[in-house]
A.B. asks: 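Dropping the structure in here first, questions after.
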Amino acid sequence: MKVSLFITCISDALFPPIGEAMSQLLARYGVRLDFPKVQTCCGQPAFNSGYWDEAKASAKTILEAFDDSDFVIAPSGSCTGMIHHYYPKLFEHDAALLEKSRRLQEKTYEFTQFLVQVLGVTDVGAYFPHKVTYHPSCHGTRLLGIKDELMELMSHVEGMEYVPLPYAEDCCGFGGTFAVKMSEISGAMVEEKSQHVLETEAEVLVGLDMGCLLNIGGNLKFQGKPVRVMHLAELLYEGVRNREQTAGV
Amino acid sequence: MAKSDPEFLARLDRESREAEKRFIGNIAHRLGRPAAGPAPVHPYRGAPDFWASYELGTEEKIGRFMDNWRAAGGYPERIASMSGVPEVIARIAKERQARSTIRQNLPELASLQLESVLPELSHHAWNGRDHEGSLNICEQADVGIVLADHAAAYTGTIVVASSADKGRSVSLLPNVLIAVIPAERMYTRLGEAMSRVASIPAERFPAGVHFISGPSRSSDIENDLTIGVHGPGAAYALIVG
Amino acid sequence: MSKPQGSNVKERARTALQDEFLIDAVKFTTERLKNGKKAATAEHGNWEEWRERGRQIRAHTVAHLDYYLSRFIENARAQGVHVHFAPEGKDAARIAMDIAKHRGAKSVVKSKSMVSEEVHINEAFEQIGIESIESDLGEYIIQLANEPPSHIIIPAIHKNRRQIAELLSKEAGETLPPETQVLAGFARRKLRDKFLEADIGLTGCNFGIAETGTVVIFENEGNARMVSTVPKIQITLMGMERLIPTWDDLEVMATLLPRSATGQKMTMYMSGITGPKRTEDGDGPEEMHVIIVDNGRSLQLGDPDFQELLNCIRCGACLNACPVYRHIGGHSYPGTYSGPIGAVLTPALNKNAEEWHDIANASSLCGACYEACPVKIPLHDMLVYLRNRKVERGVTAPGEKMAMRGFKMLMGSHAWFERAVKAGQLGQKLLVRGGVIKSRIGPLGGWTAYRHIPALPKKSFREQWTKVTAEAENSFKPMTDEMKSRMEKIVQSRAKGGH
């Protein structure tokens, strides 16, 4: 079984610890990740801006990278959603690439979906003694329907206090190039989101999409607020290490 | 305003028939058809299948209707038989300090004999032949009394259709609306009332079919609810039986 | 056709964002409407089934619009309705004016109609000296303020009671206190007189029922009933796509529309009007006209990306759900319709014209609109399609085009991607302070005005891969048989064409 990691461009360049956490966690379940280096970006920034030729150039690297994989896992509901929801549109006029994208679609999973739906893992044995809140990213929840998977995994983390985020389903205002093109609207949205995060008094904000977390985390930093922002893979991995260290592994 | 001009209307209708060909032709063309298509198969008609079997018992229906009517800001009451209706109307008229009533010109409502129960009030029945007069009476009346054609419990809705004897204004212009609803006309679903309306043949189809679910209301000022904006501010539903 | 006035969406939004009351008012009310819808749909149950049925009915009707519209026309005429056709907005205004002028009408009372906003009917009547008065309370308020509606359902959502009291006081000639009951009471008295003296009642149309030629109007105030009961002439403006085949289908729309719009089980009134008053009837209009309006709608027919736009039932739920609308209000959008539906409908009805080009950018594509839509219109997808059409037409900002060319080069091959990341790691040194970038130079400006950017780490993930995979090996545990068989089953089911 070839299980490949689609790291996503944002985690590749900006957040390498996420890929490390995924590799480490999955190794504990007998999954040796494969990492095809020809991958770059799912193409979403260009696609969403309407530049489909440009998006195709980028998306083709993904089709190529994972053509012979059995499973593809990405630490992002948004990039996974791009493959599931928009590749059929992007390649609708190219039969060969459309067929490739269809095959990619059926084997690509967002990280928590892979853990819960494919491996059947809901308790990774993590211990994480902190107050945590969660921002459900729009694409992951609305396009992919991730909801129960994350909650299932979180509910088994020991020592953790989970505080629901008020207005959790509201968009954080990231929206890719929207944050730059319509910066004032996006700014107002992220400020409101940060306010809700701060209301929970959580030490940690966890999520499944680094675009949104880059946005909310960047605004919290801008405001000088010491909330730690983590991808769920990082939180689980840190929790597993906490447990292993206590057990003296 | 000048009187209706048949010649002018005939000209508009001729123009309309010409314009229709182009208008519908364009739609058909856009949809990839040379001309307007034949009747299509209509596979998704009405509510989802499971809904057709949703059926409440008589008491449940009445209870549900009353809850909904009350929640909408109306006043529901249950009355055992038609003979109990006049005294309830008399009570309402007194509470509301009414001086006059207008009712649909129906035998069921005439038999209430409001003239003898409330002799100090002036009472009127709708008269379709006297357009101006009836409208003025309605506009001056404090209470409008109608007999519901149908009612639906699930949404707390009554249906009142217009006719020569059933002016639309009766349920609209007075400040207080009293709807008398024979229990046997109460259905569970809105759709049951709708299909009964739909089954009326074209030549007898009423010009106005009004579904009423409570008093007139608005939330247009700071989302603050106001009752009685243009229509009746007090809506009574008297369920009989 | 209206045009965006001077400024673009971004500039209008900037003004709105600074108007604290406006934003508070819009947030407060959309929040209430959103919660109302949530409660009403939960209480009703099986919402997804109803939604899907609503979509099916609307999609079917639009796909056979030529047939259903013909049936509607035939049945309406049989009941004595004079039917007219308006390929463009100005045609609708012309026909309505013709009717009014020929009879020497002096005044018109109107109930709420978005199409009438689209075709600017009030201005048309005013020009020929006919008074045209809005009778929906919210519409009346904004008519006095000389503003367009900023919400499909709550037109004066952006006004507070003090502003409203001021407007109505001017009309009353005395100072009215800012109390809802008093203000509404004044409007009732004032408008009651208008209803009684008006020559023409003008209404919109929520649905046209093909099988009987019936015009269906949903409302709470009773003003649409007034408009269609008292004046001698009734003119109804109907968007050509407003149809449903049968009364049975109306049950589905009556289930979806009020719950989605205001969280009500039913609006207080739903009227089915089928032709003018019968000869023996005592009230109702003597003459009834229905003007069927295209005004850009037919452009969507046969367009696989946009035909579904015509399924819209104008409930406003997408506005209430939209985080962008909540922050900038309806007047930031050009055109008659605001919020997500407006962002798509306005350019679509106007042939995707260049001057509307920035409106589709005012969305984070979060999909809340689609989730809220009672007939499942994928507005978030359509916004992307609109952006794509702009690019295909070459209507793009020069900077953006350059940036995207750069994107194509860097993301088109991993070698270039790696080089770019490397260059960033080295080049950022001038900008990084305390592990973050705060600079507002160039394209970063919009981002860093609200956020810091974390510095690129010294090594990207791919540069660390060899080390990462070697270290993970230390924690490797063999896979359980159960997991193995789960994975194999999944792969096998794919080979069979299943999922």
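Per chain, numbering begins at 1; letters A, B, ... match sequence-line order.
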A.B. asks: Hey, could you give me the OG/NE2 distance between C:Ser271 and B:His210, rounded to the nearest 0.5 Å?
C.D. replies: 5.0 Å
A.B. asks: Please classify the contact between B:Glu15 and chain C as side chain, backbone, both or neither, with a heavy-atom cut-off of under 4.5 Å.
C.D. replies: neither
A.B. asks: Hey, are C:Arg77 and B:Ser16 close enough side-chain-wise for a donor-acceptor pair under 3.5 Å?
C.D. replies: yes
A.B. asks: Quick one: what part of C:Val62 sits under 4.5 Å from any heavy atom of chain B, side chain, backbone, both or neither?
C.D. replies: backbone
A.B. asks: By a 4.5 Å heavy-atom criterion (distance strictly below it), what part of C:His60 contacts chain B: side chain, backbone, both, or neither?
C.D. replies: side chain
A.B. asks: Do C:Thr29 and B:Asn223 have side-chain N/O donor and acceptor atoms under 3.5 Å apart?
C.D. replies: no
A.B. asks: Between C:Asp283 and B:His131, is there a side-chain donor-acceptor contact under 3.5 Å, judged purely by atom types and distance?
C.D. replies: no
A.B. asks: Any donor-acceptor pair under 3.5 Å linking the side chain of C:Asp248 with the backbone of B:Gly46?
C.D. replies: no
A.B. asks: Taking atom types as modelled, is there a side-chain donor on B:Ser216 or C:Arg225 under 3.5 Å from an acceptor on the other?
C.D. replies: no
A.B. asks: What's the separation between atom CG in B:Leu190 and atom CE in C:Met266, rounded to the nearest 0.5 Å?
C.D. replies: 5.0 Å
A.B. asks: Please look at C:Ala59 and chain B and tell me whether the side chain, the backbone, both or neither of the residue comes under 4.5 angstrom of a heavy atom of that chain.
C.D. replies: neither
A.B. asks: Count the heavy-atom pairs under 4.5 Å between each of C:Gln79, C:Lys277, C:Arg32 and chain B, then report the option with the highest count.
C.D. replies: C:Arg32
A.B. asks: Under 4.0 Å between a Lys/Arg side-chain N and an Asp/Glu carboxylate O for C:Lys232 and B:Glu132?
C.D. replies: yes
A.B. asks: Under 3.5 Å, is there a donor-acceptor pair between the side chain of B:Asp224 and the main chain of C:Thr180?
C.D. replies: no
A.B. asks: Output the option from B:Ser219, B:Ala235, B:Ser163 having the highest count of non-hydrogen pairs under 4.5 Å with chain C.
C.D. replies: B:Ser163
A.B. asks: Examine whether an atom of C:Glu211 lies under 4.5 Å from a heavy atom of chain B, and if so say whether it belongs to the side chain, the backbone or both; otherwise answer neither.
C.D. replies: side chain
A.B. asks: Taking CD in C:Glu280 as the centre, count heavy atoms belonging to other residues, nucleotides or ligands within less than 6.0 Å. Is the count above 12?
C.D. replies: yes
A.B. asks: Among B:Glu203, B:His42, B:Arg189, who wins on heavy-atom pairs under 4.5 Å with chain C?
C.D. replies: B:His42
A.B. asks: Under a 3.5 Å distance rule, please check whether B:Glu222 uses its side chain to pair with a backbone N or O of C:Arg161 as donor and acceptor.
C.D. replies: yes
A.B. asks: What part of C:Thr279 lies closer than 4.5 angstrom to a heavy atom of chain B: side chain, backbone, both or neither?
C.D. replies: neither
A.B. asks: Quick check against the 3.5 Å criterion: does B:Arg168 have a side-chain atom that pairs as donor or acceptor with the backbone of C:Ser228?
C.D. replies: yes
A.B. asks: Under 4.5 Å, counting heavy-atom pairs only, tell me which of C:Met268, C:Lys106, C:Arg297, C:Lys265 racks up the most with chain B.
C.D. replies: C:Met268
A.B. asks: Does the side chain of B:Trp51 come under 3.5 Å of the side chain of C:Glu251 through a donor N or O and an acceptor N or O?
C.D. replies: yes
A.B. asks: Contact part of B:Asp130 toward chain C, heavy-atom cut-off under 4.5 Å: side chain, backbone, both or neither?
C.D. replies: neither
A.B. asks: C:Arg58 versus chain B, heavy atoms under 4.5 Å apart: side chain, backbone, both or neither?
C.D. replies: neither
A.B. asks: Between chain C and each of B:Gly156, B:Ala71, B:Pro38, count heavy-atom pairs under 4.5 Å; write down the option with the most.
C.D. replies: B:Pro38
A.B. asks: For C:His82 and B:Phe8, I'd like to know if the aromatic rings sit close, meaning centre-to-centre distance below 6.0 Å.
C.D. replies: no
A.B. asks: Salt bridge or not for B:Arg33 and C:Asp66, using N-O below 4.0 Å?
C.D. replies: yes
A.B. asks: Side chain from CB out, backbone as N, CA, C, O: work out which of these in C:Ser298 comes under 4.5 Å of a heavy atom of chain B, or both, or neither.
C.D. replies: both
A.B. asks: Would you call C:Arg192-B:Glu139 a salt bridge at under 4.0 Å N-O?
C.D. replies: yes
A.B. asks: Any side-chain donor-acceptor pair under 3.5 Å between C:His44 and B:Tyr154?
C.D. replies: yes
A.B. asks: Hey, which of C:Phe195, C:Tyr140, C:Phe28 has the most heavy atom pairs under 4.5 Å with chain B?
C.D. replies: C:Phe195
A.B. asks: Can you tell me how far apart NE2 (B:His230) and CD (C:Glu219) are? Round to the nearest 0.5 Å.
C.D. replies: 8.5 Å
A.B. asks: Given 3.5 Å as the limit, does a donor-acceptor pair link the side chain of C:Arg278 with the main chain of B:Phe205, or not?
C.D. replies: yes
A.B. asks: Between C:Ile141 and chain B, with a heavy-atom cut-off of 4.5 Å, which part of the residue counts as in contact: side chain, backbone, both or neither?
C.D. replies: side chain
A.B. asks: Is B:Pro232 close to chain C through its backbone or its side chain, or both, or neither, when contacts mean heavy atoms under 4.5 Å?
C.D. replies: both
A.B. asks: Give me the atom names and distance for the closest heavy-atom approach of C:Gly275 to B:Ala207.
C.D. replies: O-CB, 4.0 Å
A.B. asks: With a 4.5 angstrom heavy-atom cut-off, could you sort out which part of C:Met288 is near chain B: side chain, backbone, both or neither?
C.D. replies: neither
A.B. asks: Is the CZ atom of B:Arg70 crowded by more than 12 outside heavy atoms at less than 6.0 Å?
C.D. replies: yes
A.B. asks: Determine whether more than 12 heavy atoms belonging to other residues, nucleotides or ligands lie under 6.0 Å from atom NE2 of C:His102.
C.D. replies: yes
A.B. asks: Is C:Gln264 in contact with chain B via its backbone, its side chain, both, or neither, using a 4.5 Å heavy-atom distance?
C.D. replies: side chain
A.B. asks: Among C:His84, C:Glu49, C:Glu287, single out the residue with the greatest number of heavy-atom pairs under 4.5 Å to chain B.
C.D. replies: C:Glu287
A.B. asks: Between CG of B:Asp220 and CD1 of C:Ile154, what distance do you get to the nearest 0.5 Å?
C.D. replies: 5.5 Å
A.B. asks: Of the backbone (N, CA, C, O) and the side chain (C-beta and beyond), which part of C:Ile99 lies under 4.5 Å from a heavy atom of chain B, both, or neither?
C.D. replies: both
A.B. asks: Contact part of B:Ala35 toward chain C, heavy-atom cut-off under 4.5 Å: side chain, backbone, both or neither?
C.D. replies: backbone
A.B. asks: Quick one: of B:Ala161, B:Gly133, B:Ala202, who has the most non-hydrogen atom pairs under 4.5 Å with chain C?
C.D. replies: B:Ala202
A.B. asks: List the steps and the verdict of side-chain contact (heavy atoms from CB on, under 4.5 Å) for C:Arg188 and B:Asn175.
C.D. replies: CA-CA 11 Å; C:Arg188 177 187 169 99; B:Asn175 273 326; 2.6 Å; yes
A.B. asks: Which of the residues B:Leu225, B:Thr155, B:Ile212, B:Leu135 is involved in the greatest number of heavy-atom pairs with chain C at under 4.5 angstrom?
C.D. replies: B:Ile212
A.B. asks: Please classify the contact between C:Gln307 and chain B as side chain, backbone, both or neither, with a heavy-atom cut-off of under 4.5 Å.
C.D. replies: side chain
A.B. asks: Would you compute the distance between atom CG of B:Asn26 and atom CG of C:Leu301 and round it to the nearest 0.5 angstrom?
C.D. replies: 8.0 Å
A.B. asks: Check whether C:Leu191 gets within reach of chain B through its side chain, its backbone, both or neither, counting any heavy atom under 4.5 Å.
C.D. replies: side chain
A.B. asks: Check for a donor-acceptor pair, side chain of C:Arg103 on one end and backbone N or O of B:Ala2 on the other, with a separation under 3.5 Å.
C.D. replies: yes
A.B. asks: Examine whether an atom of C:Pro276 lies under 4.5 Å from a heavy atom of chain B, and if so say whether it belongs to the side chain, the backbone or both; otherwise answer neither.
C.D. replies: backbone
A.B. asks: If I measure from the heavy atoms of chain C, does B:Phe23 come under 4.5 Å with its side chain, its backbone, both, or neither?
C.D. replies: side chain
A.B. asks: Could you state the interatomic distance from CD1 (C:Ile209) to CE (B:Met194), rounded to the nearest 0.5 Å?
C.D. replies: 7.5 Å
A.B. asks: In terms of heavy-atom proximity below 4.5 Å to chain C, should B:Ser134 be classed as side chain, backbone, both, or neither?
C.D. replies: neither
A.B. asks: Which one wins on heavy-atom pair count under 4.5 Å against chain C: B:Gly25, B:Cys138, B:Ala39?
C.D. replies: B:Ala39
A.B. asks: Say whether C:Glu221 and B:Ser218, considering side chains only, have a donor N or O and an acceptor N or O under 3.5 Å apart.
C.D. replies: yes
A.B. asks: Given heavy-atom pairs under 4.5 angstrom as the criterion, report whether the side chain, backbone, both or neither of B:Leu173 touches chain C.
C.D. replies: both
